[in-house]
Amino acid sequence: MKRRTALKNLSLGIGYTMTYAGMAAFVTSCKADNTIKEVATSWKPSFLDEAQSSMLTDILDAFLPTTKSSPGFKDLNLIQVLDNVVNKLYKKEDQEIFSAGLAEVATKFGASKDLKTFMETHMTKKPKAEEARLDKLLDLKKEEVAEADLKEYHFQKAMNSIRGIGISSYFSNETIATEHLNYDPIPGKYIGCMPVSEVGNSWAL
Amino acid sequence: MALFNEKSPLEYDAIVIGTGISGGWAAKELCEKGLKTLVLERGRNVTHIADYKTAAMDPWDLENGGRLAEEELEKDYPKQRRTGYTTRPEWVHNFVKDSEHPYEEEEGTRFDWIRGYQVGGRSLVWGRQSYRWSEMDFEANAKDGVAIDWPIRYKDVASWYDYVESFVGISGMNEGLKQLPDGKFLAPMDFTCVETDLRKQMKSKWKHRMLTIGRTAHITSEPEKFGKRGECQHRNRCMRGCPYGAYFSSNSSTLPAAEATGNMTLRPDAIATEIVYDEKTQRATGVRIIDSKTKETFEFKAKIIFCNASTVGSTSILMQSKSKRFPNGLGNDSGELGHNMMDHHFQVGASADVDGYEDKYYKGRRPNGFYIPRFRNLPGHKDSKKDFIRGYGYQGGASRENWQRGVAEMGYGQKFKDDLFKPGPWRIGMNGFGEILPYHDNKMELTDQKDDWGLPLVKFYTTLRDNEMKMREDMKDAAVEIFEAAGYKNVKPFERSYGIGLGIHEMGTARMGKDPKTSVLNKWNQIHTVKNVFVTDGSCMTSAACQNPSLTYMALTARAANFAVEELKKGNL
Ligand SMILES: Cc1cc2nc3c(=O)[nH]c(=O)nc-3n(C[C@H](O)[C@H](O)[C@H](O)COP(=O)(O)OP(=O)(O)OC[C@H]3O[C@@H](n4cnc5c(N)ncnc54)[C@H](O)[C@@H]3O)c2cc1C
Ligand code: SF4
């Protein structure tokens with residue numbers, strides 16, 4: 001998957017391509033939202049260990065922090081979704097890549113002064129040539145990656161998963177979808193062209 | 001539904017094999033004409049509405065984030081997953097498991113046999129795009145000297161298109177095009193603002209290229225004409241089954257009509273294995289089945305048989321129906337049975353960003369897109385002549401990106417997050433659907449390997465050839481050309497991997513023709529030499545055109561069923 005073009009084409013076309021509704025289902029929460037507090041104390045990660053779970057929660061909360069208008073990643077305890085998806089849906093080889101990548105994330109995270117520095121160093125856009133190199137690297141199968149690039153490969157792969165699942169789980173979470181996006185399960189009439197001011201936020205489905 | 005039980009008779013006026021789009025129509029027509037009809041379906045029963053268990057689920061209601069585990073996908077759905085969308089938990093139960101229903105592909109080639117075994121067949125999950133064929137499609141083979149001529153012309157099916165459209169309910173716009181005849185349409189669905197822009201621009205910039213709204217089998221107006229079916233609520237969850245019955249499926253439409261006559265007996269879990277042939281009368285006498293669950297076998301008798309098990313299914317049944325008279329399969333004097341496999345090749349087109357409509361949005365989830373009808377190689381338009389024959393249409397849409405763009409873009413933090421709640425930039429994209437020519441060598445065969453029911457596995461030998469490859473180049477170039485001419489930004493062509501079958505419009509393996517030496521079926525979809533067997537699914541197609549084909553299967557089925565009943569009355573069958 002290309003870092004930037006990964007999902008761009010999915011929203012186009014009809015019938016044969018994925019629909020918004022279908023796309024939103026990419027990854028979702030496990031109903032963590034209603035019982036956050038209760039769950040937060042009793043839930044134990046199954047794929048991640050406690051330290052990884054807390055590190056990834058911090059990182060994803062930096063992506064999706066609490067703001068005036070909406071809760072953040074941490075508030076919704078969405079790390080459960082990530083843990084569950086990697087645990088249940090990934091095949092073994094992909095779990096191994098993810099784990100190797102996670103070790104890289106931990107190293108880089110530990111070497112950074114703080115979360116802010118980590119995000120600035122690793123999660124911002126790189127110069128064009130460097131982005132292109134990374135895109136190419138990520139297109140490779142693990143066996144094709146040169147020894148020297150392997151750490152980088154694992155790191156980028158894992159971060160892609162973390163970002164992808166993290167963001168998807170957030171926006172297809174029930175609270176976010178129904179209270180913060182525009183949720184309309186049975187639209188009735190379809191209106192193809194209207195002022196955005198009459199709608200407001202993006203549709204949830 | 002009147003389901004088959006121990007007291008049901010073994011003898012009927014008619015048997016229909018398959019309950020998909022074409023079988024549903026055969027059942028409706030034969031029952032409405034008064035024939036006691038047994039309808040055989042190899043899959044499970046699916047009760048309209050009650051069995052659409054995922055229809056109302058939101059993303060957060062679906063287990064495991066609405067995805068199947070990779071291991072399960074690899075084990076059970078290695079081929080069905082090739083579409084990228086059919087194997088989602090919301091509707092995967094409407095598709096077969098490859099692990100239970102395997103097939104073979106010739107080395108180095110690929111055939112994507114995407115299918116569902118259940119009452120309703122693929123009518124439950126189809127994309128509902130519905131376009132008529134035109135005179136030029138029926139004439140094409142004769143004019144180009146390709147394969148064999150169709151035994152019918154547009155005038156032979158025009159009134160049947162009217163007939164089926166009126167019952168199905170098709171939303172769309174009449175545009176007066178030669179290559180895409182008008183029809184009996186319900187209210188069209190809206191364009192988005194950007195689509196209206198492109199429609200206007202194309203009208204002024206191109207002589208033969210135009211954009212219309214997709215013609216789709218949804219009730220969008222006049223619901224009073226459609227009995228229990230309701231108006232479309234624009235939820236775009238159709239593949240899960242529609243609780244409103246707003247889109248056309250056998251389950252919502254034709255099977256209830258057949259049921260209402262009191263003449264239909266439906267037998268799910270019945271795998272038709274063979275059509276029984278009687279040499280003395282030169283007629284088929286009935287159909288043998290295996291119960292898919294108990295593996296018991298039965299033989300049912302009837303005066304006429306409609307074979308509607310889908311292209312590959314029907315062709316397999318005919319191939320399995322061997323007798324002294326037909327050692328190579330029922331009606332296969334020509335040797336064409338299983339050959340000339342076609343589909344529509346796609347997965348090539350372009351996408352672009354569109355500026356200038358940031359203050360516009362839409363409401364509802366339109367289960368439809370726009371359509372750019374064929375503009376290449378139209379008779380009389382010499383300027384569009386290309387280095388290939390035939391043509392293609394585009395299906396596409398323009399919409400605003402949602403939060404998913406956040407996955408693709410690098411970014412984080414408060415502003416990044418708050419922005420993702422707002423509608424994103426407008427994007428437009430379209431995908432070409434091109435005609436594949438009938439090649440004798442693109443074929444399916446039965447192998448010596450057997451499935452769990454002791455039936456031979458199918459093996460496919462299919463590849464795209466020169467004409468299709470050249471057309472694909474043009475499908476890419478012309479898409480770019482159209483978006484660039486419209487002034488859209490960041491125009492990018494795409495081409496993704498495609499194998500024959502992925503269009504899910506497989507057809508042609510028991511083609512119609514004038515001459516029994518080169519075709520299997522005559523102009524009434526009758527087997528030339530076994531007059532009481534009719535095959536009216538995609539296997540009957542002599543060429544593929546570039547329009548989605550199911551509407552044409554419906555029209556041909558209704559036409560053949562009405563002919564069959566007349567012939568029966570005349571004592572000819
Ligand atoms: C996702 C998807 C999108 C599509 N989009 C479109 C579209 O937009 N427009 C369009 O025109 N077409 C579309 N199609 C294609 C369309 O679904 C088919 O053309 C149509 O369903 C074919 O009808 P049919 O009756 O031949 O076969 P099916 O609908 O496949 O029905 C065949 C039935 O026969 C049964 N059967 C098979 N073998 C046996 C046997 N031996 N004994 C008893 N029963 C048997 C099967 O279980 C099945 O129920 C799409 C298909 C899919 C899967
Ligand atoms: S979009 Fe229309 S047809 Fe499709 S499921 Fe919703 S109401 Fe039914």
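Sequence lines set the chain letters: A, B, ... in the order given, protein chains first and strands last, and positions in each chain run from 1.
- Looking at A:Ser69, the atoms closer than 4.5 Å to chain B (heavy atoms on both sides) all sit in the side chain, from C-beta outward.
- Atom CD1 of residue A:Ile191 and atom CZ of residue B:Arg366 lie 13.5 Å apart, to the nearest 0.5 angstrom.
- The contact between B:Glu74 and chain A is made entirely by side chain atoms (from C-beta outward), counting heavy-atom distances below 4.5 Å.
- Side chains of B:Asn368 and A:Tyr190: no donor on one and acceptor on the other come within 3.5 Å.
- Within the 3.5 Å criterion, the main-chain N or O of A:Pro185 finds a donor-acceptor partner in the side chain of B:Arg365.
- Contact of A:Lys189 with chain B is made through the backbone alone, with heavy-atom distances under 4.5 Å.
- Contacts of B:Tyr357 with chain A are absent, with no heavy-atom separation under 4.5 Å from either backbone or side chain.
- In terms of heavy atoms, A:Leu64 sits closest to B:Phe416 at CD2-CE2, 4.5 Å.
- Both the backbone and the side chain of B:Leu420 come within less than 4.5 Å of a heavy atom in chain A.
- Within the 4.5 angstrom heavy-atom criterion, no atom of A:Gln95 approaches chain B.
- A:Lys91 and B:Glu71 get closest at one heavy-atom pair: CA-OE2, 4.1 Å.
- Of the two parts of B:Cys232, only the backbone, made up of N, CA, C and O, holds a non-hydrogen atom closer than 4.5 Å to a non-hydrogen atom of chain A.
- Listed options A:Glu198, A:His180, A:Met119 were ranked by heavy-atom pairs under 4.5 angstrom with chain B; first place goes to A:Met119.
- Annotation for A:Ser70 and B:Asp418: closest pair OG-OD1, 4.2 Å, computed over non-hydrogen atoms.
- Ring pair A:Tyr170/B:Phe421 is perpendicular by interplanar angle, where above 60° counts as perpendicular and below 30° as parallel.
- Of the possible polar contacts, one joining the A:Trp203 side chain to the B:Tyr362 backbone as a donor-acceptor pair under 3.5 Å is found.
- Closest of all the heavy-atom pairs between B:Pro59 and A:Leu205 is CD-CD2, 3.5 Å.
- The distance between the ring centers of B:Trp60 and A:Phe171 does not fall below 6.0 angstrom.
- The minimum heavy-atom distance between A:Thr66 and B:Gln414, with the atom names listed, is O-NE2, 3.6 Å.
- The main-chain N or O of A:Pro187 is never found under 3.5 Å from a side-chain atom of B:His234 such that the two would form a donor-acceptor pair.
- The minimum heavy-atom distance between B:Lys417 and A:Pro71, with the atom names listed, is NZ-O, 3.0 Å.
- A:Arg163 contributes a side-chain N or O that, together with a main-chain N or O of B:Val407, makes up a donor-acceptor pair within less than 3.5 Å.
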